[in-house]
Amino acid sequence: EALQKIVQQRKSKIASTDFERLMKVQQLKRDREGVVWDVEQRHLNEKYYLFKQQVKEQFSLQRLQLMKRHEKDKEGMSHDHHCLMEDLKSQQAQERARLPKMQRNE
């Protein structure tokens, strides 16, 4: 009976130790999963931030290019308008010069 009591105590102690070990292993696994989750979350946040920055920079570059193209087109149209005005002034001056001659000829 004393031997059986010792055996029972030993079994109980072994079971308790096994249970504690299993609990510790489970906690370590949960902690590890938590760390992995945090790292993955940080990675996704960083990836999102970098993508957002890239899109911002891309739109900024497109806007700058569009503004430069617009300015170039505007300068070209201004130049064309100036040339047309000069041509019209020249034509008007020639017509004014011809008008007295035509009137004298009549």
Side-chain angles (χ1 to χ4, degrees):
E1 198 174 294
L3 185 59
Q4 259 190 337
K5 188 176 180 183
I6 293 173
V7 169
Q8 192 62 31
Q9 286 176 345
R10 187 59 91 185
K11 283 183 181 179
S12 179
K13 189 173 182 179
I14 290 172
S16 177
T17 306
D18 282 348
F19 180 76
E20 287 175 13
R21 187 184 56 80
L22 283 173
M23 293 302 287
K24 189 172 184 177
V25 166
Q26 289 298 319
Q27 187 60 45
L28 288 172
K29 285 181 181 179
R30 282 192 293 272
D31 291 347
R32 182 181 180 281
E33 286 298 315
V35 169
V36 168
W37 176 264
D38 288 344
V39 168
E40 287 176 355
Q41 192 66 32
R42 260 196 320 269
H43 177 70
L44 285 175
N45 287 340
E46 185 177 319
K47 191 175 176 182
Y48 171 75
Y49 175 77
L50 290 174
F51 176 74
K52 189 175 169 183
Q53 284 299 113
Q54 184 181 9
V55 168
K56 264 185 176 178
E57 289 173 8
Q58 186 178 359
F59 279 127
S60 179
L61 180 61
Q62 285 177 343
R63 182 174 183 266
L64 184 64
Q65 289 172 339
L66 191 63
M67 287 173 61
K68 282 184 179 181
R69 191 174 83 203
H70 175 70
E71 192 62 35
K72 189 176 176 183
D73 290 347
K74 198 167 121 180
E75 286 175 8
M77 292 189 77
S78 177
H79 176 72
D80 292 346
H81 177 71
H82 179 71
C83 288
L84 282 172
M85 291 302 286
E86 290 299 317
D87 288 347
L88 284 173
K89 285 179 185 177
S90 174
Q91 271 183 340
Q92 198 175 31
Q94 288 174 359
E95 287 176 10
R96 281 187 189 149
R98 270 188 267 156
L99 187 62
K101 287 183 186 176
M102 287 176 35
Q103 288 175 348
R104 276 186 259 150
N105 289 341
E106 289 177 2

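Atom-to-atom distance recorded for N45:CG and R42:CZ is 9.5 Å, nearest 0.5 angstrom. If you take NZ on K74 and CE on M67, they are separated by 10.0 Å, rounding to the nearest 0.5 Å. Rounded to the nearest 0.5 Å, atoms CE (M85) and SG (C83) are 12.0 Å apart. Atom CZ of residue R63 and atom NE2 of residue H70 lie 11.5 Å apart, to the nearest 0.5 angstrom. Put simply, CD on E46 and CD on Q41 are 12.5 Å apart, with the number rounded to the nearest 0.5 Å. We find the CD-CD1 distance between Q4 and I6 to be 11.0 Å, quoted to the nearest 0.5 Å.
Counting heavy-atom neighbours within 6.0 Å of Q8 CD, excluding the residue itself, gives a total of 12 or less.
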Would you check, one step at a time, whether the test side-chain contact (heavy atoms from CB on, under 4.5 Å) holds for L99 with R96?
CA-CA 5 Å; L99 187 62; R96 281 187 189 149; 5.6 Å; no
Decide yes or no on side-chain contact (heavy atoms from CB on, under 4.5 Å) for Q65 and K68, but give the supporting numbers first.
CA-CA 5 Å; Q65 289 172 339; K68 282 184 179 181; 5.7 Å; no
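When side chains are defined from C-beta on, K24 does not count as touching E20, because their heavy atoms never get closer than 4.5 Å. Residues D31 and Q27 have side chains in contact (heavy-atom distance under 4.5 Å, counting atoms from C-beta outward). F51 places a side-chain heavy atom less than 4.5 Å from the side chain of V55. With contacts defined as side-chain heavy-atom distances shorter than 4.5 Å, the pair R21/T17 does not qualify. Looking only at side-chain heavy atoms (C-beta outward), K13 and Q9 stay at 4.5 Å or farther from each other. The shortest side-chain heavy-atom distance between E1 and K5 does not fall under the 4.5 Å cut-off.
When E33, R32, Q26 are each tested for a side chain to side chain contact (heavy atoms under 4.5 Å, CB included) with R30, only one passes: Q26.
The closest side-chain donor-acceptor pair between D87 and Q91, if any, does not fall under 3.5 angstrom.
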